[in-house]
Amino acid sequence: IFNDGAKIKFSQNVFLNGNAARGMMSYGGAIFNNYYIVEPNETQGILTFEGSADFTKNKAGAATTYLVDPYPVFSALGGAIFNYAGKINFTQTANFDQNVAQGCFYATGGAISNSSINLLGKNLYRAVLNFDGDTSFTNNSAISLPYLNDPTKGIGSAHGGAIFNFNGVISFGKNADINVLFENNKVQGTENANGGAISNTEAGALVINGKGSFINNSATVLASYGVAYGGAIYNSASTTTLNARTGDIVFSGNKATTEGGAIFNANRGIINLNASAGNSIIFESSTDTLESAQVYSYKYKGDDKTYYS
């Protein structure tokens with residue numbers, strides 16, 4: 001599906017399985033949702049799912065060998081969905097399983113890549129995702145390939161095993177508290193990999209309301225000189241807010257090659273961790289190579305903040 005600035009509403013349940021986008025620049029294995037300027041401060045490009053939505057085994061890129069494949073994939077964005085400054089609403093359950101973004105140089109969002117238009121630090125048109133039903137992301141991956149399959153070579157980076165958010169707004173449970181699951185998602189790069197489940201960057205805003213689990217997600221890097229941060233969540237120059245209001249939010253078994261087994265926060269990013277009475281945000285059994293805290297906040301002039309309440 002390619003939506004070029006229109007308003008589309010799916011009134012029934014939707015199953016998008018086994019689709020692929022393939023080219024040197026590959027965007028959205030199942031859906032590419034593009035913005036359209038209606039007025040100076042208004043855009044279209046709106047998808048609304050009124051029934052349940054299931055995305056399984058969709059692929060963006062899926063190159064096999066770095067620059068040897070007859071049609072090399074340089075960049076792959078959004079294994080299931082690439083949302084470019086548009087808006088997507090999921091009103092019922094949404095499930096993303098075994099989606100892949102795989103490219104030679106750059107791969108983002110094994111399931112979803114959500115990208116705004118930002119010029120010189122100014123938000124021109126923001127990409128928006130709203131999830132108002134229980135949501136799961138399982139077994140998704142964003143992978144950049146090494147040079148000639150030699151893990152000691154290459155300049156590839158990958159971001160967001162399940163979701164990559166660039167300056168966009170993502171809300172889980174905006175209108176009603178929901179249950180969110182991120183399990184067995186992975187991001188793998190040659191020299192750089194961030195956010196086994198979610199990479200939230202460049203003034204992005206991520207909110208989860210309700211309860212949730214981040215289980216066995218991983219951020220790994222192949223080259224010995226490479227770095228991988230945030231086994232579950234990578235937050236850079238952005239704000240991530242977790243509100244445990246109807247149950248616990250649990251981080252368990254997440255892994256990062258370098259730092260932040262569960263969460264890595266950097267570049268003046270803000271992490272808000274809030275739990276209502278009787279609920280908790282729990283960190284257990286998450287690891288990284290440097291054995292740093294499960295929540296690692298890199299201090300840049302003292303401006304990075306993690307708040308607990």
Side-chain angles (χ1 to χ4, degrees), residues 83 87-90 94 109 111-112 114-116 118 123 126-137 159-182 185 194-215 217 229-252 254 260-283 286 293-300 302-309:
N83 184 37
K87 183 177 182 178
I88 303 178
N89 302 305
F90 296 90
I112 301 175
N114 191 54
S115 184
S116 299
N118 180 284
N123 298 325
R126 299 198 81 175
V128 178
L129 298 175
N130 292 320
F131 297 86
D132 284 321
D134 291 347
T135 304
S136 68
F137 291 85
H159 309 272
I163 296 175
F164 174 70
N165 187 39
F166 177 88
N167 190 238
V169 178
I170 302 178
S171 299
F172 291 92
K174 180 179 180 180
N175 298 308
D177 291 344
I178 64 173
N179 184 21
V180 180
L181 171 67
F182 289 87
N185 302 289
N194 298 318
I198 301 172
S199 178
N200 187 32
T201 68
E202 300 299 327
L206 169 69
V207 179
I208 296 178
N209 295 319
K211 60 182 179 179
S213 301
F214 290 81
I215 309 295
N217 303 288
Y229 300 116
I233 297 175
Y234 174 83
N235 188 70
S236 175
S238 300
T239 301
T240 293
T241 301
L242 307 181
N243 297 316
R245 302 197 300 208
T246 56
D248 298 336
I249 296 178
V250 179
F251 291 79
S252 179
N254 303 289
I263 298 175
F264 183 87
N265 183 41
N267 299 320
R268 302 181 182 180
I270 297 174
I271 304 288
N272 297 305
L273 304 177
N274 308 310
S276 60
N279 301 311
S280 302
I281 297 178
I282 301 169
F283 295 89
S286 295
Q294 295 190 64
V295 179
Y296 183 90
S297 188
Y298 177 76
K299 300 296 183 183
Y300 177 80
D303 291 328
D304 296 295
K305 302 177 177 67
T306 302
Y307 297 103
Y308 304 84
S309 66

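Small disclaimer: the values here were computed from a predicted structure and weren't measured.
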ask   = What is the ring orientation for Phe172 with Phe131, classed by angle as parallel under 30°, tilted 30 to 60°, or perpendicular over 60°?
value =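 Rings of Phe172 and Phe131: parallel, as their planes differ by under 30°.
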Say you draw a straight line from [atom1] of [X] to [atom2] of [Y]; how long is it, rounded to the nearest 0.5 Å?
| X | Y | atom1 | atom2 | value |
| --- | --- | --- | --- | --- |
| Leu129 | Thr135 | CG | OG1 | 10.5 Å |
| Ile198 | Phe182 | CD1 | CZ | 3.5 Å |
| Ile215 | Leu181 | CD1 | CG | 7.5 Å |
| Asn114 | Arg126 | CG | CZ | 9.5 Å |
| Asn200 | Ile163 | CG | CD1 | 9.5 Å |

ask   = Looking just at side-chain N and O atoms, do Ser276 and Asn279 make a donor-acceptor pair shorter than 3.5 Å?
value =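 On atom types as modelled, these side chains qualify, holding a pair under 3.5 Å.
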task = Using the salt bridge (Lys or Arg N to Asp or Glu O under 4.0 Å) rule, collect all pairs that involve residues 230-249, keeping only residues at least two apart or in two chains.
result =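 Only Asp177-Arg245 qualify under salt bridge (Lys or Arg N to Asp or Glu O under 4.0 Å).
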inquiry  = Give me each pair satisfying salt bridge (Lys or Arg N to Asp or Glu O under 4.0 Å) with a member in residues 163-174, each pair once, sequence neighbours excluded.
reply    = none
request  = Identify the two heavy atoms, one from Ala244 and one from Ser280, that lie closest to each other, and give their separation to 0.1 Å.
outcome  =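 Nearest heavy atoms, Ala244 then Ser280: CB-O, 3.9 Å.
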Using the side chain to side chain donor-acceptor pair (under 3.5 Å) criterion, which residues pair with [X]? Sequence neighbours excluded.
| X | answer |
| --- | --- |
| Thr241 | Asn272 |
| Asp134 | none |
| Asn175 | Asp132 |

task = Please list, chain by chain and in numerical order, all residues satisfying ring pair (Phe, Tyr, Trp, His ring centres under 6.0 Å) with Tyr229, sequence neighbours excluded.
result =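 Result, ring pair (Phe, Tyr, Trp, His ring centres under 6.0 Å) vs Tyr229: Phe264.
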